[in-house]
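What follows is a short report on a single structure.
Letters go in sequence order (proteins before strands), and every chain restarts at 1. Quick caveat: nothing in here was measured; it's all calculated off a predicted structure.
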Protein chains: 2
Amino acid sequence: MPRVYPHPTPDDVSLAKVLFALSDPNRLAMVRLLATGASVNSIDLAPDMPKSTLTHHTGTLRKAGITTTRPEGRNCWITLRRDLLDTKFPGLLDTILRQVPDT
Amino acid sequence: MPRVYPHPTPDDVSLAKVLFALSDPNRLAMVRLLATGASVNSIDLAPDMPKSTLTHHTGTLRKAGITTTRPEGRNCWITLRRDLLDTKFPGLLDTILRQVPDT
DNA sequence: TTGAATGTTCGATAATAATCGAACTATCAT
DNA sequence: ATGATAGTTCGATTATTATCGAACATTCAA
């Protein structure tokens, strides 16, 4: 049975959950790596993070509506849901990605 | 001894903490009430909330750099730190306040 | 088919946060 | 002074989240 990753529909995406997901430094760093729009192998989002912790964070981002997860072989390709986020929360992503990582 | 409310300097305000503070529905609702820029009596930010819980949330917003708290008599006047937020995270507040409360 | 690699799930634990009553301080009105 | 009011602090409890090892499933390479 292949792996399946549910993604919330736009109506199910709430601002509070998006903000919460982005408020974790680990996840914020992941989102920055996805800023170009390219698909990134999940393992490259946090190479030094324990596997189960990585799964936790990628799942949090996905369930919040921030990312898509596409399985391919043994890997997961992660992308930003820019279209959804820009439509639903115009400017939010741009504002957040404009920040330098530390601030 | 009069009450004193420490406010973080701009350099001490981090995006992650701001996002976290805003990710709570109660606090997000408070920020919406402050959107006009007017000072709001703290009690009016959540009239039905227990006092100690209200103190907790107003303190979280203040320590995150989102609001100012100015004591006057027995009351506290709360304002949005729009200047700081717009300078440090341009567009963030506008984006968030543009949203309808439920989404 | 065997073994290695990737990711998930489960379970336990630690850390953090939310909630709120009670006691307290400060302030104001009378 | 006395009492009422607003807000804080403290402490306890509950809820949520983060972390991560171990066992497991899936996929791929040899």
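A sub-4.0 Å separation between OP1 or OP2 of D:dC20 and a side-chain N or O of A:T53 is present. Checking the phosphate oxygens (OP1, OP2) of D:dT8, a side-chain nitrogen or oxygen of B:Y5 falls inside 4.0 Å.
Regarding A:W77, its CH2 atom lies at a distance of 12 Å from the P atom of C:dT6, rounded to whole Å. One can place CE of A:M49 at 17 Å from P of C:dT6, the figure rounded to the nearest angstrom. The distance from atom CD1 of B:I78 to atom C1' of D:dG7 is 11 Å, rounded to the nearest whole Å. The CG-P distance, from B:L19 to C:dA17, rounds to 14 Å in whole Å. Taking atom CG of B:N75 as the reference point, atom P of D:dT8 lies 11 Å away to the nearest angstrom. Between the CG atom of A:D24 and the P atom of C:dA15 there is a distance of 16 Å, rounded to whole Å. In this entry the distance linking NE2 of B:H57 with P of C:dA17 reads 13 Å, nearest Å. Atom NZ of A:K63 is separated from atom C1' of C:dT9 by 11 Å (rounded to the nearest Å).
Under the 4.5 Å side-chain heavy-atom criterion for Ile, Leu, Val, Met, Phe, Trp and Tyr, B:F20 and B:L92 are members of distinct hydrophobic clusters.
Between the side chain of A:R3 and the backbone N or O of A:C76, no donor-acceptor pair lies under 3.5 Å. A:S39 places no side-chain N or O within 3.5 Å of a backbone atom of A:T79 that could act as its donor or acceptor partner. Although no hydrogens or angles enter the test, the distance criterion places a donor-acceptor pair under 3.5 Å between the side chain of B:R62 and the main chain of B:P6.
When all heavy atoms are compared, the tightest approach of B:R81 to B:T68 is CG-CG2, 3.3 Å.
Toward the 5′ end of DNA chain D lies the nearest nucleotide of B:C76, the other residue of the pair A:P50 and B:C76 mapping further downstream. For the pair A:G73 and A:H56, both in contact range of DNA chain D, the more 5′-proximal nearest nucleotide belongs to A:H56.
For the pair B:I43/B:N75, no side-chain contact is recorded, criterion being any heavy-atom separation below 4.5 Å from C-beta on. You'll find the side chain of A:L15 reaches within 4.5 Å of the side chain of B:I96, heavy atoms only. For the pair A:L34 and A:L45, the minimum side-chain heavy-atom distance is below 4.5 Å.
Side-chain atoms of A:K51 lie closest to C:dT6 of the nucleotides C:dT6, D:dA18, D:dT19. Candidate nucleotides C:dG7, D:dG7, D:dT19 were compared by shortest atom distance to the side chain of B:R3, and D:dG7 ranks first. In this structure, of D:dT19, C:dG7, D:dT8, it is C:dG7 that holds the atom nearest to the side chain of A:T55.
The distance from atom NE2 of B:H57 to atom CG of B:L61, rounded to the nearest 0.5 Å, is 9.0 Å.
A heavy atom lying under 4.0 Å from DNA chain C marks none of the residues of residues 41-48 of chain B.
Donor-acceptor pairing under 3.5 Å, judged by distance alone, is present between the side chain of A:S52 and the base of D:dG21.
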Salt bridge (charged side-chain N to carboxylate O under 4.0 Å, His left out) between A:R82 and A:D94, intermediate numbers included: CA-CA 10 Å; A:R82 244 196 198 285; A:D94 287 338; 3.4 Å; yes
I'd like a list of close polar pairs between nucleotides 2-4 of chain C and the protein, N/O only, cut-off under 3.5 Å.
none

